Amino acid sequence: MELWYTERGIVPGLALSVEVSKVLHEEQTEFQHLAIVDTPLYGRMLWLDNIIMTNIKDEFVYHEMISHVALNTHPNPKKVLVIGGGDGGAIREIIKHPGVEKAVLVEIDRRVVETSKEYLPEIAGALDDPKVEVHYEDGIKFVKEHKNEFDIIIVDSTDPIGPAVGLFEGDFYRNCYEALKEDGIFVAQTESPYYNEELIPKVQKDIRSLYPITKLYLAFIPTYPGGCWSFTMGSKKYDPEAVDLSTRPSYPTRYYNHGIHKAAFVLPNFVCELINK
Ligand code: AAT
């Protein structure tokens with residue numbers, strides 16, 4: 001008998017279905033419904049509230065692109081904060097960078113971390129590295145309590161529903177700005193330009209009101225709605241497009257390279273219109 005899992009509702013009128021060969025784990029956590037399934041097409045997948053979070057086949061694109069663009073824009077990133085991202089994929093990428101001394105993960109749902117360690121070791125394997133510190137709390141509260149501390153803040157959040165709503169709001173962005181050092185860089189996943197005509201310009205405005213350098217960049221992720229995914233960067237000092245990447249350290253990646261770093265900021269006209277709306 002065939003079993004299919006369907007992501008439906010996050011983009012009205014769209015459903016994304018994947019054939020499932022085995023359901024390995026399902027539970028209702030304190031915050032959300034969590035499922036780990038095996039699929040013939042994407043390998044093992046993590047779902048939260050019936051929405052695809054990550055999977056073995058394409059996770060490298062998202063995790064490399066949410067991390068390395070900022071890590072290579074900053075000349076000397078030592079202390080990096082990730083909000084959300086309990087699967088550990090962004091953390092795995094961050095600690096590849098030889099200059100990073102501490103990577104702090106603030107995930108609201110302890111069960112996402114625990115189940116990722118158990119079922120997705122390829123993604124979560126770096127969470128036990130001695131450079132990594134994990135806090136189980138709301139990222140909104142955490143950033144309020146930290147000032148002038150981080151070189152980079154990465155918001156690897158769920159879509160703007162449930163506990164992640166506040167991670168797309170002005171107060172949170174202001175607190176992130178203050179939690180960054182004077183030359184810090186902020187990056188957030190900001191959904192698909194095809195389906196978020198309200199959200200993307202709103203985030204651009206909020207980030208522009210804080211940072212002298214605000215940019216959007218894109219990557220291609222088959223399992224997220226639209227396939228074309230956006231990231232919004234706010235930088236206090238360093239321009240990601242002006243940086244001399246030949247001075248940056250090299251380490252193995254499967255999607256990110258110096259050409260992609262520059263090309264990701266080249267936007268189709270409809271996306272340029274969206275960010276200037
Ligand atoms: N690495 C890709 C996976 C994610 S999951 C995002 C994580 O953000 C989830 O584990 C969720 O529990 C956590 N989260 C949500 N709200 C908060 C909060 N307020 N504080 C801390 N952590 C939070 C991203 C997938 C993107 C999906 C795109 N469709």
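Both ligands and their constituent atoms are indexed starting at 1 by order of listing. All of these numbers come straight from a predicted model, not from anything done at the bench.
- Every heavy atom of Glu59 sits 4.0 Å or more from the atoms of ligand 1.
- Under a 4.0 Å criterion applied to the non-hydrogen atoms of Gly139, ligand 1 contributes the atoms 18 (C), 20 (N), 21 (C).
- Some N or O of Glu107 is nearer than 3.5 Å to an N or O of ligand 1, by distance alone.
- The 12-atom threshold is exceeded at CD of Glu145, counting heavy atoms of other residues, nucleotides or ligands nearer than 6.0 Å.
- Residue Gly85 places a heavy atom less than 4.0 Å from ligand 1.
- Taking a 4.0 Å cut-off on heavy atoms, Phe142 fails to register as neighbouring ligand 1.
- For Asp151 and Lys181, the salt-bridge test passes: some basic side-chain N is under 4.0 Å from an acidic carboxylate O.
- In summary, Glu64 and Arg254 do not engage in a salt bridge, as defined by a charged side-chain N under 4.0 Å from a carboxylate O.
- Look at Asp239 and Lys215 and you find a salt bridge, because one of the NZ, NE, NH1 or NH2 atoms lies within 4.0 Å of a carboxylate O, short of that distance.
- In terms of polar-atom proximity, Asp159 is counted as a contact of ligand 1, with an N or O under 3.5 Å from an N or O of the ligand.
- At a threshold of 4.5 Å between non-hydrogen side-chain atoms, the residues Val243 and Tyr238 do not count as touching.
- Within the 4.5 Å cutoff, the side chain of Thr29 has no heavy atoms near those of the Thr115 side chain.
- Ligand-side atoms of ligand 1 in range of Val112: 10 (O), range being under 4.0 angstrom from any heavy atom.
- You'll find the side chain of Leu81 stays beyond 4.5 Å of the side chain of His146, heavy atoms only.
- When each atom of ligand 1 is checked for a heavy atom of Ser157 under 4.0 Å away, the hits are 6 (C), 8 (O), 24 (C), 25 (C), 26 (C).
- Distances below 4.0 Å separate heavy atoms of Leu48 from the following atoms of ligand 1: 9 (C), 10 (O).
- Per-residue contacts place Val106 under 4.0 angstrom from the following atoms of ligand 1 (heavy atoms of the residue considered): 21 (C), 22 (N).
- Short contacts between ligand 1 and His63, defined as distances under 4.0 Å to a heavy atom of the residue, involve ligand atoms 1 (N), 2 (C).
- The contact set between ligand 1 and Asp138, taken as ligand atoms under 4.0 Å from a residue heavy atom, comprises 18 (C), 19 (N), 20 (N).
- Under the 4.5 Å side-chain criterion, counting only non-hydrogen atoms from C-beta, Asp128 is in contact with Lys117.
- Residue Gln32 has at least one nitrogen or oxygen atom sitting less than 3.5 Å from a nitrogen or oxygen atom of ligand 1, judged on distance alone.
- Heavy atoms of Phe31 come nearer than 4.0 angstrom to ligand 1 in no pair at all.
- Distances from atom 21 (C) of ligand 1 to the heavy atoms of Leu34, Thr54, Ile108 put Ile108 nearest.
- For Thr54 and Asp87, the side-chain atoms include no donor-acceptor pair closer than 3.5 Å.
- When Asp49, Asp87, Ile221, Ile140 are ranked by how near their heavy atoms come to atom 3 (C) of ligand 1, first place goes to Asp87.
- For the pair Tyr62 and ligand 1, the shortest N or O to N or O distance does not fall below 3.5 Å.
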